[in-house]
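In what follows, a structure is listed as structure tokens, so that the remarks can point back to it.
All values below come from the heavy atoms of this structure, side chains included, with hydrogens, waters and symmetry mates left out. What you see is a predicted model, and the numbers here were worked out from it, not measured in a lab. Naming: A, B, ... by sequence-line order, numbering from 1 per chain.
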There are 2 protein chains.
Amino acid sequence: MVESNAARLDSIFHALADPTRRALLRDVSAGEKSVGDLARPHALTLAAVSKHLKVLEAAELVARQRRGSFQIVRLNAPVLHEADEWLAYYRPFWSTRLDALAQHLEQEPEGESR
Amino acid sequence: MVESNAARLDSIFHALADPTRRALLRDVSAGEKSVGDLARPHALTLAAVSKHLKVLEAAELVARQRRGSFQIVRLNAPVLHEADEWLAYYRPFWSTRLDALAQHLEQEPEGESR
DNA sequence: GTTCGATTCAACCATGTGGTTGAATGTACC
DNA sequence: GGTACATTCAACCACATGGTTGAATCGAAC
């Protein structure tokens with residue numbers, strides 16, 4: 001559906017594969033925050049948090065915007081929707097609706113790669 | 001809910017952050033496969049595929065079982081459900097139901113860490 | 001324009017990743 | 001028990017990651 005889906009999923013899942021980054025994402029889901037605000041609750045240097053934010057930004061999970069001398073970070077949730085759509089393919093496999101599974105398997109497996 | 005949720009999500013999302021591993025997962029979703037079967041369509045050595053499977057197995061996304069001289073790999077979909085549950089928290093943010101979002105934000109953000 | 005606060009950059013370090021090759025293991029078959 | 005096949009292990013490589021520290025940048029305020 002989307003063009004280079006695989007590379008996008010790479011960066012999204014990679015960004016989510018770190019507990020600090022998931023925590024940052026959760027923190028920022030409560031509303032816009034400056035980098036300093038985001039760093040404060042974590043036992044990390046600002047530079048480290050800045051790097052994590054760069055990973056989240058590369059995956060477009062957050063967006064930055066300068067406001068005065070602050071960098072304001074906000075959640076970009078629709079990107080998580082892409083991960084959700086990838087997962088959706090497997091939903092029939094953990095739900096108990098085996099008939100749905102059978103029907104599911106007749107379809108082509110959604111072309112992410114190649 | 002689960003004990004060390006964060007570490008599990010780390011390994012799950014990390015496993016999903018590679019296109020080869022996502023492809024292997026999709027391949028194995030069509031039914032049990034030997035390692036050789038799984039390796040064939042990919043332009044990789046068997047050893048490389050074996051390593052990828054080890055990552056998927058560490059995340060418990062697949063399970064192995066010896067059958068004769070073959071290693072049979074099968075999907076363990078319920079683990080994907082854990083990733084799905086993590087994502088569920090963010091669903092209100094990309095859906096347009098902003099009233100749901102407001103209600104959502106009043107709740108505690110689900111304790112994965114600390 | 002200097003100083004202060006917020007953030008990033010650069011260099012460095014230890015460790016992990018994804019791949020290779022070639023040897024080793026394990027099971028089946030004759 | 002030897003041979004063939006399926007898979008893994010070990011060693012190696014180049015490169016990415018997650019963290020640090022200290023210098024550099026950028027905007028605001030005096």
Side-chain angles (χ1 to χ4, degrees), chain A residues 6-28 31-74 112-114, chain B residues 6-28 31-74 112-114:
Chain A
R8 289 197 55 92
L9 288 171
D10 286 2
S11 66
I12 294 168
F13 283 129
H14 169 245
L16 298 182
D18 179 283
T20 301
R21 287 194 291 265
R22 288 196 304 277
L24 289 173
L25 216 55
R26 171 156 43 66
D27 292 347
V28 90
E32 300 184 333
K33 292 234 164 56
S34 73
V35 177
D37 288 344
L38 288 169
R40 201 159 306 115
H42 301 279
L44 285 176
T45 59
L46 261 169
V49 171
S50 180
K51 277 189 181 183
H52 279 305
L53 286 173
K54 226 162 36 173
V55 174
L56 289 169
E57 204 180 8
E60 296 178 61
L61 286 164
V62 301
R64 270 173 161 109
Q65 186 185 352
R66 186 167 270 287
R67 195 125 83 211
S69 55
F70 295 83
Q71 289 278 6
I72 298 299
V73 182
R74 50 161 261 272
E112 100 164 24
S113 60
R114 295 172 187 67
Chain B
R8 288 197 56 94
L9 288 171
D10 286 1
S11 66
I12 295 168
F13 283 129
H14 169 244
L16 298 181
D18 180 283
T20 300
R21 286 194 293 264
R22 287 197 305 278
L24 289 172
L25 216 54
R26 171 156 43 67
D27 293 347
V28 90
E32 299 184 333
K33 293 232 164 57
S34 73
V35 177
D37 288 343
L38 287 169
R40 201 160 304 115
H42 300 280
L44 285 175
T45 59
L46 260 169
V49 171
S50 180
K51 277 189 181 183
H52 279 305
L53 286 173
K54 228 166 28 177
V55 174
L56 289 168
E57 204 180 8
E60 295 177 63
L61 286 164
V62 302
R64 272 173 160 109
Q65 187 185 351
R66 186 167 270 288
R67 193 124 86 211
S69 55
F70 295 83
Q71 290 277 4
I72 299 298
V73 183
R74 51 162 259 273
E112 106 165 20
S113 58
R114 295 166 184 68

Interface residues of residues 45-54 of chain A with DNA chain D (non-hydrogen, below 4.0 angstrom):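 A/Thr45, A/Ala47, A/Ala48, A/Lys51, A/His52, in order of number.
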
Roughly, in whole Å, what's the span from [atom1] in [X] to [atom2] in [N]?
X       : N      : atom1 : atom2 : value
A/Gln71 : D/dT25 : CD    : C1'   : 12 Å
B/Arg21 : C/dG16 : CZ    : P     : 15 Å
B/Ile72 : D/dT8  : CD1   : P     : 11 Å
A/His42 : D/dT20 : NE2   : P     : 13 Å
A/Leu44 : C/dT7  : CG    : C1'   : 15 Å
A/Gln65 : D/dC26 : CD    : P     : 19 Å
B/Phe13 : D/dT17 : CZ    : C1'   : 19 Å
A/Leu56 : D/dG18 : CG    : C1'   : 13 Å

Where the side chain of A/Val35 is concerned, which of D/dT7, D/dG18, C/dT7 is the nearest nucleotide? C/dT7

The side chain of A/Asp18 lies closest to which of these nucleotides: C/dT7, D/dT8, D/dG18? D/dG18

Please name all residues satisfying side-chain contact (heavy atoms from CB on, under 4.5 Å) with A/His52, sequence neighbours left out, ordered by chain then number.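 Per chain and number, A/His52 pairs via side-chain contact (heavy atoms from CB on, under 4.5 Å) with A/Asp18, A/Thr20, A/Arg21, A/Leu24, A/Leu44.
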
Taking side-chain contact (heavy atoms from CB on, under 4.5 Å) as the test, write out the residues that go with A/Lys51, two or more places apart.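 Scan of A/Lys51 (side-chain contact (heavy atoms from CB on, under 4.5 Å), adjacent residues dropped) gives none.
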
Answer yes or no: is there a side-chain heavy-atom contact under 4.5 Å between [X] and [Y]?
X       : Y       : answer
A/Val73 : A/Glu32 : no
A/Ile12 : A/Glu60 : no
B/Ile72 : B/Arg66 : no
A/Pro19 : B/Asp10 : yes
B/Arg74 : B/Lys33 : no
A/Leu61 : A/Val55 : no

Note down the inter-axis angle between the two ends of the helix from C/dG1-D/dC30 to C/dC30-D/dG1, five pairs each, to the nearest 10°.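 It works out to 10° between the end axes.
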
Distance in Å, A/His14 NE2 paired with B/Phe13 CZ, rounded so as to fall on 0.5 Å steps: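 Answer for the NE2-CZ pair, A/His14 versus B/Phe13, is 13.0 Å.
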
Please list all pairs meeting salt bridge (Lys or Arg N to Asp or Glu O under 4.0 Å) that have one or both residues in residues 36-50 of chain A, counting only residues at least two apart or in different chains.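 Qualifying pairs: A/Asp37-A/Arg40.
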
Got a list of protein N/O to nucleotides 26-30 of chain C N/O distances below 3.5 Å?
none

Tell me whether B/Arg64 contacts the main-chain N or O of B/Val35 through its side chain, where contact means a donor paired with an acceptor under 3.5 Å. no

